[in-house]
Each structure stands twice: as C-alpha cells, then as structure tokens.
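Data block below; observations after.
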Amino acid sequence: MTPAQQHSDAFRAAARHLGRRRFLTVTGAAAAVAFAANLPAAGAAAAAELDPRKLDQDPFTLGVASGDPLPGSVVLWTRLAPRPYEPGSGLPGSRITVAWELAHDERFTRVARRGRAIAHPEFDHSVHVEVPGLDADRVYYYRFRAGSWTSPTGRTRTAPRPGARISELKLAAVSCQAYHDGYFTAYKHLADEELDIVFHLGDYLYEYAVNAVGGARNHTDRRLPAHFNRETITLEDYRLRYGLYRSDPDLAAAHAAHPFAVTWDDHETENNYADETPENDVPAEEFLLRRAAAYRAYWENQPLRRPQQPEGADMQLYRRLRYGRLAQFDILDTRQYRSDQAYGDGWQYPGPESEDPARTMTGETQERWLLDGWQASDAVWNVVPQQVTFAQRRDVPASPYKLSMDAWDGYPASRERILAGAEAAGVDNLVVLTGDVHVGYAFDLKKDYGDPASPTVGTEFVATSVSSGKDGADKPANWDNLTQANPHMKFYNGRRGYVTVTLTTERARADFKTLAAVTTPGAPITTAASFVTEAGNPGLTPA
C-alpha cells in the first residue's frame with residue numbers, strides 16, 4: 001500500500017472540499033478527520049482505566065524530561081512505553097494514572113510539589129505536567145511513578161523572576177540528530193555540563209528509513225523491527241520513531257540533566273517542506289495529513305505546554321522565555337509559515353524570485369510578534385533560537401555566486417525586516433542561535449553584506465549536528481571557498497557536537513564543542529574554538 005493509500009479516499013475528498021487549512025479544524029468534520037487520519041480527539045477520556053499495578057514491565061524506558069522554564073513553573077514530561085519498538089509500546093488502549101513528585105533535593109526528602117496525572121492512550125500515554133507555585137531561579141528534582149515502577153530522576157531549574165538582575169546564564173544549543181548516522185555521544189557530554197537550559201533547534205528526528213542494524217551505528221546487540229525501515233508517514237510511524245530515538249541512553253541523560261526548550265525544523269515532518277508545500281509532488285491535503293500526524297507526535301514527545309498542543313495540521317510553536325533582565329529568548333518557527341523556496345530550492349543564483357519583498361520566512365503574524373516583543377524588551381541580550389542560517393553565505397568568492405534558498409538567503413526581504421525591527425527597537429545585543437547545516441559557524445551579522453564597511457548588528461552561533469552527516473571533518477571540502485567568500489564568517493568546522501553560550505552583563509562567550517567520531521561510541525569532547533562578543537559592541541573576537 002502506498003503512503004497515499006494509507007488515508008481513506010473519502011477523507012481526502014472531504015479535505016479537498018473543506019479547503020487546505022480548515023479541513024482538520026472545522027467543527028463537525030474534526031471528529032471524522034481525527035478518526036480517518038488516526039488522529040485522536042484532544043481531551044478524549046472515554047478509554048477504560050488500567051490498574052497500574054498490572055504493569056509487569058518498566059514503563060519508563062524513554063526517560064523523563066522538563067522544559068520551557070518560567071519563574072514559578074516548569075513542564076515535566078514522560079511517556080509510558082514498556083516496549084517502545086512496538087506499535088502501542090506494549091500498552092493497551094487504556095488510561096493509566098501516573099504519580100509525580102518534585103523536590104528540592106535528589107533524595108526527595110524535601111518534596112515541594114506532588115500530584116497525579118493521566119497518561120491517556122489518545123496521547124500515546126504521554127504525560128505533560130505543568131507544575132505551578134515554584135520558587136524562581138531554583139533547582140528542583142523530579143520523578144514519576146506508575147504501579148511499582150519509578151522513573152529515573154530528572155533535574156530541572158526555573159527561570160529567574162521578571163526584572164531580576166542575574167549575573168550569568170549558561171545555555172547550550174543542539175540540533176540534527178539522525179539516529180542512522182551515528183551515536184548521540186554529544187549528549188553524554190552535554191549531560192555533564194553545568195547549564196541553565198538547552199535549546200534544541202530542530203531535526204530532533206529524521207523521517208528516513210532506519211535499517212535493522214541502525215545504519216551507521218551497526219548494532220550487533222539488537223535487530224530493529226522492519227517497520228523502522230521505511231519513511232515516516234502516519235501517526236504510528238512518527239510515534240514509533242520517537243520511541244526509537246528517545247530510547248537512546250545519551251539523549252535520555254541530557255533530558256534528565258537539563259530543561260529543554262525545543263523547536264522543530266523540517267525532518268520532524270519531511271525534508272525541506274515549506275508551510276503546506278511538501279518536498280514531493282503530492283496533493284496539499286495529503287501532505288497536511290502527514291503534517292498533522294508529525295505535529296501530533298512531536299507534541300506528545302516533547303516537554304511542551306498546553307498552548308503548544310496542535311490543532312490538526314497547525315501548531316503554534318513560536319514563544320518567548322525571559323531570564324530576568326539578562327536575556328530574552330524569542331523561539332521561532334521558520335518552517336510552518338514560510339513562502340515556498342525560490343527557484344526550486346537548493347543552492348541557486350539569487351534573483352527576482354528570491355528577492356521578492358513579499359516573501360516571508362516567518363509569516364506576518366510571527367514577524368509582528370517578534371518585533372513587538374523586542375519593543376517591549378528590557379533584556380541585555382535578545383537571543384533568537386531558530387532553525388536555518390541567518391547570515392549570508394556565498395558559495396564562492398567571485399560573482400556570480402549561489403545562495404541557499406532554504407536558508408534566510410532565500411528570503412532576504414524577510415531578513416531585512418527582522419534586522420530593521422531590531423534596530424527600531426534599540427536592540428543592541430542581538431544573538432541568533434541556529435542549527436540545520438551539520439556544521440559549526442560563527443558569524444558577524446552585517447547590515448549590508450555587499451558593503452565591507454557596513455556595521456555589524458549582531459552575532460550568530462550555528463550549532464553543528466549531534467550525529468547527522470556522520471563523523472564529518474574539521475575542514476569540509478568547501479571550507480576554503482566559504483571562508484574566503486564570507487569575511488563575516490569567523491569560524492567554520494564540520495565535526496559533530498554542540499555549542500555552549502555563556503551570557504553575562506558584559507559579554508557573550510561561545511564555546512564550540514566537537515567530537516572526533518560518532519560512528520563509534522564514546523569519543524571524547526574537545527573545544528574547537530571560543531569567541532566573545534561584548535555587550536554594546538557587536539562583533540566576534542577569539543576568546
């Protein structure tokens with residue numbers, strides 16, 4: 001059966017009748033759509049309840065996570081999955097009561113909050129607990145219980161109170177973790193870092209097939225089921241893929257060690273999709289079915305709050321986090337609302353199509369939200385965690401040159417509006433955090449890339465991949481061309497790893513951490529380079 005045939009003809013006809021955007025949210029049609037697409041109705045609780053004492057296998061195989069810290073609240077997450085490589089994860093279609101605790105100490109002798117939550121089968125037995133009434137800027141420990149089973153212990157931290165004058169904040173940025181390209185060793189090292197928060201900038205999973213030995217991992221201790229050896233299309237496909245990824249012990253360790261703030265890029269759904277336009281030539285309503293499934297599974301498997309719960313094929317993922325007066329984080333979604341890539345995507349010569357002023361990377365609503373947020377910001381650092389390279393990247397030093405149509409270079413008018421908005425808001429210390437490209441970059445952001453004397457208006461730190469691209473190289477094949485063509489590029493490295501950024505009132509310091517290999521486990525971590533930008537004086541210098 002082809003992917004298209006996995007959705008009913010009647011449903012596709014109804015989708016076309018209702019229109020591309022509305023077909024998953026129209027009252028009355030929503031229930032039929034949910035059934036036809038195997039998308040459960042939000043809030044359904046008709047399933048019978050399973051006595052947790054009947055759980056005869058550890059249901060916490062996917063670990064725990066926390067995320068989106070606020071001054072008095074944090075989200076706690078887990079998903080019950082005794083057998084995560086199987087459809088249904090080894091559980092019946094019953095709701096299960098899960099107890100949770102959050103404490104001041106790792107031994108749980110001083111419990112701050114406790115409660116119960118329902119793991120609904122409609123949400124694949126995932127649990128999202130938004131714990132209120134916590135102290136600001138405080139470390140907490142948490143765990144879950146179901147029957148006789150207790151989860152691993154997680155560590156989290158709330159954000160400082162509004163207006164707090166904090167002296168330092170340390171974050172990490174990660175992206176792009178293709179299971180089939182190698183081990184998640186970077187996360188093992190990330191778990192040992194002293195961090196306030198981790199930003200995941202997209203490609204948490206990949207839709208591509210994973211063979212029985214896990215691709216480049218070349219497993220000798222297990223054989224993955226055949227259903228992983230196909231591209232993800234349906235809700236069950238995506239749920240299974242999250243089960244595979246989240247069962248990785250290094251990823252689980254990083255989630256247990258630090259709160260995460262996540263945003264997606266393309267591979268959580270499909271490579272290089274743009275809004276409702278798929279990569280491949282399938283009807284838009286067919287693609288939006290797939291997008292709805294992907295978005296649903298993403299929410300189920302991430303520590304996200306209720307406002308991020310999807311409605312059909314739509315999900316508001318852009319949001320704002322504040323850390324006192326030191327930093328404001330405006331987390332973007334550059335995939336769901338963008339114009340289709342110009343000139344058929346890829347690296348192309350820029351021209352009238354890519355330079356059309358009407359083109360948008362963020363959509364009008366998100367763009368206005370970002371600019372209005374800057375107008376109201378009193379933070380020393382305004383940080384934008386997002387997905388694709390923001391700075392200009394010419395492929396060769398001479399003209400004519402090509403640019404990536406999937407990155408902000410394919411949307412220059414949108415980029416110009418963002419930078420003009422930052423200038424109008426008086427944003428002096430703009431930092432962009434980026435993933436996607438499987439390499440580490442450090443850029444000065446320029447007002448006009450065509451003018452060597454143009455002012456520097458901010459900095460961009462691009463986190464390399466956790467594993468995507470396999471082992472990589474310190475100097476990829478295009479290293480000479482890119483460094484010569486882009487004088488504002490201060491660093492370029494093609495190894496795997498992550499970047500940490502330490503913010504103080506005086507400066508931001510980025511440390512690019514890299515691994516020699518990911519196709520074999522256990523590689524040590526090294527610091528490939530470090531850079532500093534001073535508050536009020538944008539521009540990178542080696543640390």
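Atom set for the values below is all heavy atoms of this structure, side chains included, hydrogens, waters and symmetry mates excluded.
At a threshold of 4.0 Å, the pair Lys170-Glu194 does not count as salt-bridged, since none of the basic side-chain nitrogens sits closer than that to a carboxylate oxygen. Contact check on Arg335 versus Asp406 returns a salt bridge, with a Lys/Arg side-chain nitrogen under 4.0 Å from an Asp/Glu carboxylate oxygen. Ion pairing between a basic and an acidic side chain is recognised when a charged N comes within 4.0 Å of a carboxylate O; Arg145 and Glu101 show such pairing. With respect to Lys188 and Asp248, no salt bridge is recorded, no charged nitrogen being found less than 4.0 Å from a carboxylate O. By the 4.0 Å N-to-carboxylate-O rule, Asp330 lies close enough to Arg320 to be salt-bridged with it. Ionic pairing of Asp105 and Arg107 is not present here: no N-O contact between side-chain nitrogen and carboxylate oxygen is shorter than 4.0 angstrom.
A donor-acceptor contact closer than 3.5 angstrom links the side chains of Glu49 and Thr97. Of the N and O atoms on the side chains of Tyr142 and Thr156, not one donor lies less than 3.5 Å from an acceptor on the other residue. Of the N and O atoms on the side chains of His200 and Gln177, at least one donor lies less than 3.5 Å from an acceptor on the other residue. For the residue pair Asn382 / Ser377, a side-chain donor-acceptor distance below 3.5 Å is found, with atom types taken as modelled. Donor-acceptor pairing under 3.5 Å is recorded for the side chains of Gln387 and Thr334.
Not less than 6.0 angstrom separates the ring centroid of Tyr245 from the ring centroid of Tyr204. Ring-centre distance between Tyr208 and His267: below the 6.0 Å cut-off. Remark: aromatic rings of Phe329 and Phe199 are close, center separation under 6.0 Å. Residues Tyr295 and Trp264 place their aromatic rings such that the two centres sit under 6.0 Å apart.
The local environment of CG in Asp281 is sparse, with at most 12 non-hydrogen atoms from other residues, nucleotides or ligands closer than 6.0 Å. Atom NZ of Lys470 is surrounded by 12 or fewer heavy atoms from other residues, nucleotides or ligands within 6.0 Å.
Every residue two or more places apart in sequence or in another chain that forms a salt bridge (Lys or Arg N to Asp or Glu O under 4.0 Å) with Arg83 is listed here: Glu86. Under the salt bridge (Lys or Arg N to Asp or Glu O under 4.0 Å) criterion, Arg222 pairs with no residue, sequence neighbours left out.
Trp77 places a side-chain N or O within 3.5 Å of a backbone atom of Glu300 that can act as its donor or acceptor partner. Checking side-chain atoms of Tyr183 against main-chain N and O of Arg217 turns up a donor-acceptor pair under 3.5 Å. In this structure, the side chain of Arg496 engages the main chain of Ser468 through a donor-acceptor pair within 3.5 Å. Looking only at distances, no side-chain donor or acceptor of Thr269 sits under 3.5 Å from a matching main-chain atom of Arg291. Checking side-chain atoms of Thr78 against main-chain N and O of Ser126 turns up no donor-acceptor pair under 3.5 Å. A donor-acceptor contact shorter than 3.5 Å links the side chain of Thr464 to the backbone of His438. Formation of a donor-acceptor pair under 3.5 Å by the Trp100 side chain with backbone atoms of Val129 is not found in this model. Counting only distance, with no hydrogens or angles, the side chain of Asp275 and the backbone of Thr277 share no donor-acceptor pair below 3.5 Å.
In this structure the side chain of Leu195 reaches within 4.5 angstrom of the side chain of Leu190, judged on heavy atoms. Inter-residue side-chain proximity for Gln328 and Val383 is flagged as unmet; no heavy-atom pair is nearer than 4.5 Å. A heavy-atom distance below 4.5 Å is not found between the side chains of His125 and Ser89. Side-chain atoms of Thr360 and Tyr337, non-hydrogen and from C-beta on, never get closer than 4.5 Å to each other. Side-chain contact between Leu205 and Leu244: absent, with no pair of heavy atoms (C-beta onward) separated by less than 4.5 Å.
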| task | Please step through side chain to side chain contact (heavy atoms under 4.5 Å, CB included) for the pair Trp369 and Thr362, ending with a clear verdict. | result | CA-CA 10 Å; Trp369 167 86; Thr362 61; over 6 Å; no
| query | Where do Glu279 and Asp266 land on the side chain to side chain contact (heavy atoms under 4.5 Å, CB included) test, with the steps shown first? | reply | CA-CA 10 Å; Glu279 178 186 32; Asp266 51 342; over 6 Å; no
| task | Go through the steps to decide whether Arg143 and Ser151 satisfy the test side chain to side chain donor-acceptor pair (under 3.5 Å), and finish with yes or no. | result | CA-CA 6 Å; Arg143 64 188 177 187; Ser151 75; over 6 Å; no
| task | Start with the C-alpha distance between Val518 and Asp181, add both sets of side-chain angles, then the distance that settles side chain to side chain contact (heavy atoms under 4.5 Å, CB included), and finish with yes or no. | result | CA-CA 8 Å; Val518 294; Asp181 271 0; over 6 Å; no
| request: Assess whether side chain to side chain contact (heavy atoms under 4.5 Å, CB included) is satisfied between Asn211 and His180, documenting all intermediate values. | output: CA-CA 8 Å; Asn211 66 18; His180 58 276; over 6 Å; no
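Nearest heavy-atom pair, Ser66 versus Leu76, reported as atom, atom and distance to 0.1 Å: CB-CD2, 4.1 Å. Residues Arg241 and Arg230 share a closest heavy-atom pair of NH2-O, 2.9 Å. When all heavy atoms of Leu91 and Ala81 are compared, the pair lying nearest together is CD1-N, 4.5 Å.
Among His189, Lys513, Glu193, the single residue meeting the side chain to side chain donor-acceptor pair (under 3.5 Å) criterion with Tyr498 is Glu193. Here the rule is side-chain contact (heavy atoms from CB on, under 4.5 Å) with Phe123, and of His128, Arg95, Arg296 only Arg296 fits it.
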